[in-house]
Amino acid sequence: MRYERRVMQAVIFDWGGTLTPWHNADFDEMWRAYARAYAPDRAEDLTAALIEAERLVWQRARDHQVSGTLDDLLESVGVSPHGDRHEAGLAAYQEFWAPHTLLDADAPGLLTKLRSAGIRVGVLSNTLWTRAYHEEVFRRDGVLDLFDGAVYSSEIPWTKPHPEAFRAALRAIGDPDPQATAFVGDRLYDDIWGAQQVGMRTIFLPHSAIPAQQRGHTDGTPDATVQRLAEITDVVSRWHD
Ligand SMILES: [Mg+2]
């Protein structure tokens with residue numbers, strides 16, 4: 001694809017597998033941790049129900065780009081996302097997740113460099129989690145203040161690759177020109193194909209083992225592929241002219 005000469009204005013990042021390295025964790029154990037804390041007397045039944053509920057949420061996201069929340073998912077299997085039992089379950093769930101939410105070591109330096117070059121920085125994540133939780137994770141890793149804006153699908157009706165999700169992310173960082181905005185992601189459908197539908201340039205990180213059932217109907221062809229986040233400043237510099 002050919003682009004007019006222009007100055008790059010912004011870079012928007014996916015979160016899981018992009019700003020955090022991809023982990024092949026046993027996510028059934030995540031639900032088992034929740035279920036054991038919430039309902040120890042029927043933990044295995046609840047675990048199975050939660051696994052199936054999450055499968056349906058992401059199937060709906062893939063096929064219809066409809067977003068969901070953790071609270072909705074829990075309520076769909078008769079769990080009340082309020083009160084002490086839920087708080088205990090959520091704490092166990094988040095404890096399971098903590099090592100998988102750690103920021104890529106390249107990220108703080110990259111974000112700082114982009115910002116000092118006058119480039120706006122954003123996040124667009126397909127997620128069931130609240131903004132508060134994502135911000136807590138970014139704060140823990142010292143980068144919360146390095147983002148100009150973020151959109152979490154749990155707060156909007158759509159998921160990537162719906163164009164409205166990308167437009168919401170552009171608005172969140174002051175509406176840069178999509179053609180002067182790069183989207184960085186680890187999924188060829190949700191991230192690369194999706195961002196290209198709104199005219200963004202795309203940078204692919206090819207290290208995630210995306211499960212077959214999470215693949216979409218189209219693989220986008222990225223404008224650039226990098227092996228690590230630190231290479232992104234060079235890509236963006238090349239696109240400056
Ligand atoms: Mg990802």
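Whatever order the structure lists ligands and atoms in, that order sets their numbers, starting from 1. By convention here, the first residue in the shown sequence is residue 1. In this text, all values refer to a predicted model and were calculated from it rather than measured experimentally.
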J.: Is any protein N, O or S atom closer than 2.8 Å to the Mg ion (ligand 1), and if so, which?
T.: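 Only Asp14 OD2, Gly16 O, Asp186 OD1 fall inside 2.8 Å of the Mg ion (ligand 1).
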J.: What distance separates Arg62 CZ from Arg215 CZ, expressed to the nearest 0.5 Å?
T.: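 Nearest 0.5 Å value for the CZ-CZ distance: 11.5 Å.
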J.: Does the distance from a Lys or Arg side-chain N to an Asp or Glu carboxylate O, for Glu231 and Arg228, drop under 4.0 Å?
T.: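 Judged by the 4.0 Å cut-off on N to carboxylate O distance, Glu231 and Arg228 do not form a salt bridge.
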J.: Would you give me the side-chain donor-acceptor pairs under 3.5 Å for residues 77-84, sequence neighbours excluded?
T.:
none

J.: Under a single-linkage rule joining Ile, Leu, Val, Met, Phe, Trp and Tyr whose side-chain heavy atoms are separated by less than 4.5 Å, which residues share a cluster with Leu56?
T.: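 Other cluster members: none.
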J.: Quick check: Phe183 with Trp193 (ring centres under 6.0 Å apart)?
T.: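 Between Phe183 and Trp193, which both carry aromatic rings, the centre distance is not below 6.0 Å.
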J.: Taking salt bridge (charged side-chain N to carboxylate O under 4.0 Å, His left out) as the test, write out the residues that go with Glu164, two or more places apart.
T.: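 Arg167.
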